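The structure appears below as structure tokens.
Note that the structure is predicted; figures quoted are calculated from it, not measured. Lettering of chains follows the sequences in order, A, B, ..., and the numbering in each one begins at 1.
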2 protein chains.
Amino acid sequence: MKGARLHLDLFAVFQDLVDTGSFSKAAARNHLTQSAVSQQLGFLERRLGAKLIERGKDRFALTEAGREFLRASWKILQAYGEAESAIRHPGAIGGPLRVEAIYSIGLHALPPYIKSFLTRFPQVRLRTSYITAEQVYEDLIHGHGDVGLVAYPRSHPQLRVLPFQRERLAIACAPGDPLASRKTASLKDLLSRPFVAFERGLPTQKAIEDLVFRRLGTFPRVAAEFDNVETLKRGVEVGLGITILPEPTVVAEVQAGSLACVPFATPAYHRPTGILIRKDQPLSRAGKEFVRWLLPQPRTIKTTKRGQI
Amino acid sequence: MKGARLHLDLFAVFQDLVDTGSFSKAAARNHLTQSAVSQQLGFLERRLGAKLIERGKDRFALTEAGREFLRASWKILQAYGEAESAIRHPGAIGGPLRVEAIYSIGLHALPPYIKSFLTRFPQVRLRTSYITAEQVYEDLIHGHGDVGLVAYPRSHPQLRVLPFQRERLAIACAPGDPLASRKTASLKDLLSRPFVAFERGLPTQKAIEDLVFRRLGTFPRVAAEFDNVETLKRGVEVGLGITILPEPTVVAEVQAGSLACVPFATPAYHRPTGILIRKDQPLSRAGKEFVRWLLPQPRTIKTTKRGQI
DNA sequence: CGCCTTTCATTAGAATAGCTAATAGTTGTA
DNA sequence: TACAACTATTAGCTATTCTAATGAAAGGCG
């Protein structure tokens, strides 16, 4: 590899390299050997005259040049993908689209939307990542990721926030718990048992602490902390304590009988979720369509004032 | 070329192909043979499953797919170029920048700006085209071309217009003409001689006709029409008649003594020129810098209210 | 503490992509 | 009709870019 050519594959491999943090995994994703990936990166670095990935002791860190190159990779593949799709399927909406959501939304609220969206627009090559809220903001701002989904969205100078859903909060407990047989509960019921929490600092955790503290002036003992809904639910199932969760995240367990869910009586509490998009760069057609798909607009209603969807 | 790869060169060659309208010329520009270019285009068309360039009787027309691909090519090369420049020369402003101007601006008002701009930002790969006003609007809207320069700019929903210069209009005539010895002239002086005009429909011509007609109620006999300043001036030099031109476009000929230039006495007339940029897509850093360079802001003044330039 | 596992780097050599050169096939023009 | 100026096609060579094998470095674990 000396005076070599810059294929588009190089950019895709580089993305996967950053994505997976591993030469061999990136190689596998692209049906290549680890050696090929190593040579490709070597070629890029020689060609650009700068290290792109710092791979020393604290394994795998993007350099500033690497970040710059990653941004370009994304733009390039995006541009090509959109054009190819537009040419192959004229009139259809297509091309790549990267959606980043926090775990709880990605695993529960989002799937039905994704399914119907892909049925409607099969030419869109959707790539979803379920990551932490911090990473969602980070990725959106830095140009990876086209659409973000977070809970308790906070505004940011470079991002636009659109309201997505309001998920009703409820108390979740093991099926054997006395609370499980109740029709409704109140915040006070929390105090009698240890609490299974999200990690401190996560937006949902902060909001719940805030809510409970404002209403009760105190907070139950925290039995355990988890960084995502799925493992947190496992904690509740095995009886570590009870918790507050958005209802949509527990419907599967409630149906399966592995968790019980008791809604709040008088004031219903909600977790707002929001859609994030960049302000500066306009969304691709596919991106715009997807956001429209998420927004609570009447799509199935027969008659609307404007006639069409 | 069967299961070939998409190099960045393919996109560059495709641009040149569209640009030159010829396989052999595009090949020459890229140090290739005509055969290679033919194979490349064939590969692209097979790969995308669509004709990109219609090359039949009315030689060389881009198809819809071709236009789509051209747009993508531009975005791709732009993204790569910017990244490469940012990586190779960190902190410097660089990357590709495409400036499109009408002949008269490109040949006279622009060069000093371009020279100083390139001295200041040598990493910018500037590509200028001097074309008709119509093409400037067209190219800007369709995403080729980052910055446009036209006379009598008209607004367009997709374009933003910034005022550039106001060029003083004057009467130009052959050095032997009796008018040549006058200090000033008035519009009435036009009527005594045939007029050398721009082609009908060109903005500058329309504006001049409008001006003369509004003031005099008539228009001198048109001796000849030209589609650009340079040939028009040749017409005046050989005595076809006199004309109205922006002063900056004739300074060279006046100094050389091949043309005379007489300013208007009482009201000075001006030709406004404007900078065009797209509203939707944000300009690259280089583009922003260039526009700032063109705008009449104090760059050399030592003290400003805001401190720094 | 050293062995084993994992990961990236470096070769040489095989596979293949992409070029040139030559030539055939168009189309418009004198 | 022949010519001029294109683009298309083909065969074959060269250079690029893989794979396979191996080396080196580092982390995990008994």
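- Between A/Phe290 and A/Phe117, the gap from one ring centroid to the other is short of 6.0 Å.
- Among the nucleotides D/dC18, C/dA9, C/dC8, the one closest to the side chain of A/Ser24 is C/dC8.
- With rounding to whole Å, A/Arg5 atom CZ is found 8 Å from D/dA15 atom C1'.
- Under 3.5 Å, the side chain of A/Ser35 and the base of C/dT10 form at least one donor-acceptor pair of N or O atoms.
- Toward the 5′ end of DNA chain D lies the nearest nucleotide of B/Gly21, the other residue of the pair B/Gly21 and A/Leu6 mapping further downstream.
- Rounded to a whole Å, the NE2 atom of B/His7 is 12 Å from the C1' atom of D/dA15.
- As rounded to whole Å, 14 Å separates atom C1' of C/dA17 from atom CG of B/Leu32.
- One donor-acceptor pair, N or O on each side, does fall under 3.5 Å between the base of D/dT19 and the side chain of A/Gln39.
- Panel note: side chain B/Arg98, backbone B/His144; no donor-acceptor pair is recorded below 3.5 Å.
- In this structure, A/His31 atom NE2 and D/dT19 atom C1' are separated by 16 Å, rounded to whole Å.
- Under the 6.0 Å cut-off for aromatic ring centres, A/Phe69 and A/Phe14 qualify, their centroids lying closer than that.
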With side chain to side chain donor-acceptor pair (under 3.5 Å) as the test, would you mind laying out the steps for A/His108 and A/Glu230 before giving the verdict? CA-CA 11 Å; A/His108 300 102; A/Glu230 295 309 305; 3.3 Å; yes
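- Distance CD (B/Gln34) to C1' (C/dA24): 12 Å, rounded to an integer number of Å.
- Of the candidate nucleotides D/dT9, D/dC18, C/dA9, D/dT9 has the atom nearest to the side chain of B/Ser38.
- Formation of a donor-acceptor pair under 3.5 Å by the A/Ser129 side chain with backbone atoms of A/Ile131 is not found in this model.
- Judged by distance alone, with hydrogens and angles left aside, B/Thr33 brings no side-chain donor or acceptor close enough to the base of C/dA21 to form a pair under 3.5 Å.
- Going from atom CD of B/Glu45 over to atom C1' of D/dT9 covers 15 Å, rounded to whole Å.
- For A/Ile53 and C/dA9, the CD1 to P distance is 9 Å, given to the nearest whole Å.
- Separating the CG atom of B/Leu41 from the C1' atom of D/dT9 is a distance of 14 Å, rounded to the nearest angstrom.
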